[in-house]
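I have placed the structure first, in the form of structure tokens, so that the comments after it can refer back to it.
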Amino acid sequence: MTILTLLDYASVLVFAASGALVASRAQLDIVGFAFVACLTAVGGGTVRDLLLDRHPVFWIGDSTNILLAAAAAVLVFFTAHLVESRLRWIVWLDSFALAVAVSAGTGAAILTGQPPVIVVLMGMATGTLGGLMRDVVCNEVPLVLKQGELYISCAMAGAITAVVSIAFGLPNRWALVACAVVCWVLRAGSITFGWHLPVYRSRPPRS
Amino acid sequence: MTILTLLDYASVLVFAASGALVASRAQLDIVGFAFVACLTAVGGGTVRDLLLDRHPVFWIGDSTNILLAAAAAVLVFFTAHLVESRLRWIVWLDSFALAVAVSAGTGAAILTGQPPVIVVLMGMATGTLGGLMRDVVCNEVPLVLKQGELYISCAMAGAITAVVSIAFGLPNRWALVACAVVCWVLRAGSITFGWHLPVYRSRPPRS
Amino acid sequence: MTILTLLDYASVLVFAASGALVASRAQLDIVGFAFVACLTAVGGGTVRDLLLDRHPVFWIGDSTNILLAAAAAVLVFFTAHLVESRLRWIVWLDSFALAVAVSAGTGAAILTGQPPVIVVLMGMATGTLGGLMRDVVCNEVPLVLKQGELYISCAMAGAITAVVSIAFGLPNRWALVACAVVCWVLRAGSITFGWHLPVYRSRPPRS
């Protein structure tokens, strides 16, 4: 239980910071920062909890999550101007949040005894949907769908790692750590070295 | 209970009208008007009910809400051409709906015995998410995120007013009225006199 | 029961294919194809199940749905280049999926004993929201809101057909078939012959 709560807090904090940076690009005020930060931070986990019928939803049951997200937003509001390339920070913060959130989502789904396919999907949903909401609401090109980068693939690889590790007898806690590591390494490799899967390319012009 | 139902109806009606006006800017047909009107009218309250696990969701339990929203859409379809500036009407209708919906959302969350932080968030979510869905679906710049205007801040101030009033012993019904008044006055002041909080501005060009 | 499961599978398969084709226009990789396909395929039914508090959500209770959607995505990834006009295919696939999904959503709502207004709305939501999510996430103009075409109207007509047929004593299964047929014929007529309802047009330029 403790490791799940920790993972949730960590992903909330880092996703919130990434959301606040996106808010800074949209030149919002401090309440706008907090709004986007909270949406990003709890969006994915909220969808996971609603889908699995887990009530209360994690941040309703434990307000710490929201307070953490709001604190991160305030911090970013007063320090974002110190950062040289906000876009670069967004991408890297998002990579950490993704890894941790996939792990948290996978862990929560395992606890409710879902079959492997659903566990993997819940991990992917928890990791990617908060960032997707952030980008759709703020009108940025969704990181999830950026061409030529690994993103959802990292989430999937991480979640599958957890499921397979557990099948091989690894204790849950280590399986979740392995999940986060695999997810983050793939994402970092994609950002730094351009690792990617072949994308669909049509011969004729966009029809 | 009665005041909550009344607040729900009022916000449904006014949000529906604002949604129908946005549909008129997108030149939809009468069914499209009704669709956008319903989405706007019940969107925020639906998220609130799902998050709080209140079933049936308010408009599923009481179809009057949908019929009101559809009626408002039909009315707007046949009268929108009489209006000189639809954008201006949208903004003002939206301000009333916001105030009333924040109040309704806050009231509903109080009834389910949530802690203050969650009550405030539910009020904010109920007030802002319907309009946000309207704007995202119709591809307008979300009012929620417009620079240099108070919007979510008004929702937050209203919801906090309600929570504090109740803590000071005011009966629920008056606390909810105070909530709507504070929210609307702030929003109206922002529209009319340009009241706003300082926004984030970076020195270098958008990075 | 069997006909409902069948309708769900059919709409999942065809919506998934339409989602994968939209992913091909956005030049995503194979995992991106699967993501958009799954979102499109199960989006509408998921909203329906959450609103009606039906748990487990249909695709969590029966993983076949997700596997079908993923299979459709893989198939499209390797064959989309054979297709001459992907846009045309998207529109037609979407029309079949719409008809079948409206029917499935209506049927599920009838089973839970909702009043007619809610049954119709659930049919409409199931049919239209998956495609709406696909288009919002991939930044396409939502088919749902395209001017001068019947879309939500077809969903509404189909759902009303089912409700009325049942009121007149038709067995559920035939009422659902009638629903799908009415919905699809209207949509096909709109695509082929331009059938539409009058749209709102303002005299002065867009205000």
Side-chain angles (χ1 to χ4, degrees), chain A residues 46-55 57 109 112-122 124-125 127-129 131-133 135-137 139-157 159-160 186 190 195-207, chain C residues 20-39 42-43 46-47 49-51 53-70 73-74 76-90 133-140:
Chain A
T46 302
V47 172
R48 170 198 69 195
D49 286 355
L50 291 178
L51 289 175
L52 294 179
D53 203 19
R54 294 171 86 218
H55 286 281
V57 169
T112 58
Q114 300 296 329
V117 182
I118 303 300
V119 168
V120 171
L121 282 170
M122 288 298 130
M124 294 170 68
T128 59
L129 296 185
L132 184 62
M133 291 179 195
D135 296 338
V136 166
V137 164
N139 224 6
E140 302 257 346
V141 178
L143 275 180
V144 183
L145 297 174
K146 233 169 164 189
Q147 284 175 240
E149 286 196 14
L150 296 180
Y151 194 96
I152 321 178
S153 315
C154 310
M156 193 166 83
I160 291 176
L186 284 176
S190 179
W195 296 351
H196 65 277
L197 291 171
V199 304
Y200 178 85
R201 241 183 263 287
S202 54
R203 264 95 37 103
R206 209 173 191 266
S207 67
Chain C
L21 278 173
V22 172
S24 83
R25 283 165 52 91
Q27 309 210 330
L28 301 181
D29 62 29
I30 198 165
V31 181
F33 270 59
F35 178 79
V36 178
C38 288
L39 187 74
V42 305
T46 303
V47 172
D49 286 354
L50 291 178
L51 289 175
D53 203 20
R54 293 171 88 218
H55 286 282
V57 169
F58 76 104
W59 53 272
I60 294 184
D62 175 6
S63 316
T64 316
N65 291 287
I66 292 297
L67 299 176
L68 279 178
V74 171
V76 170
F77 186 79
F78 289 110
T79 58
H81 64 279
L82 303 174
V83 159
E84 210 161 301
S85 165
R86 278 174 288 156
L87 204 47
R88 212 161 172 69
W89 272 82
I90 291 171
M133 292 180 195
R134 174 195 62 205
D135 295 339
V136 166
V137 164
C138 292
N139 224 7
E140 302 257 348

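What you see is a predicted model, and the numbers here were worked out from it, not measured in a lab.
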Contacts of type side-chain contact (heavy atoms from CB on, under 4.5 Å), residue A:Glu149, not counting sequence neighbours =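 For A:Glu149 the side-chain contact (heavy atoms from CB on, under 4.5 Å) partners, ignoring immediate neighbours, are A:Lys146, A:Arg187, A:Ser190.
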request  = For residues A:Leu145 and C:Val36, determine if any side-chain heavy atom of one lies less than 4.5 Å from a side-chain heavy atom of the other.
outcome  =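 Side chain of A:Leu145 against side chain of C:Val36, heavy atoms only: contact under 4.5 Å found.
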With a 4.5 angstrom heavy-atom cut-off, could you sort out which part of [X] is near chain A: side chain, backbone, both or neither?
X	result
C:Phe78	neither
C:Ala23	neither
C:Ile66	side chain
C:Leu50	side chain

ask   = Within a radius of less than 6.0 Å around CH2 of A:Trp195, do more than 12 heavy atoms belonging to other residues, nucleotides or ligands occur?
value =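 Yes - once you tally the heavy atoms of other residues, nucleotides and ligands closer than 6.0 Å, there are more than 12.
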Looking only at non-hydrogen atoms, find the nearest pair between [X] and [Y] and report the distance.
X	Y	answer
A:Pro198	C:Asp29	O-CB, 3.5 Å
C:Val137	A:Pro142	O-CG, 4.1 Å
C:Ile60	A:Leu51	CD1-O, 3.5 Å
A:Val199	C:Gln27	CB-O, 3.6 Å

Euclidean distance, A:Met124 CE relative to C:Cys38 SG, rounded to 0.5 Å =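 With rounding to 0.5 Å, SG (C:Cys38) is 7.5 Å from CE (A:Met124).
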inquiry  = Using 0.5 Å steps for rounding, measure from the CZ atom of C:Phe77 to the CG atom of A:Leu197.
reply    =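 Separation between the atoms: 8.0 Å.
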request  = Carefully, step by step, assess A:Met156 and C:Val31 under the rule side-chain contact (heavy atoms from CB on, under 4.5 Å).
outcome  = CA-CA 9 Å; A:Met156 193 166 83; C:Val31 181; 4.1 Å; yes
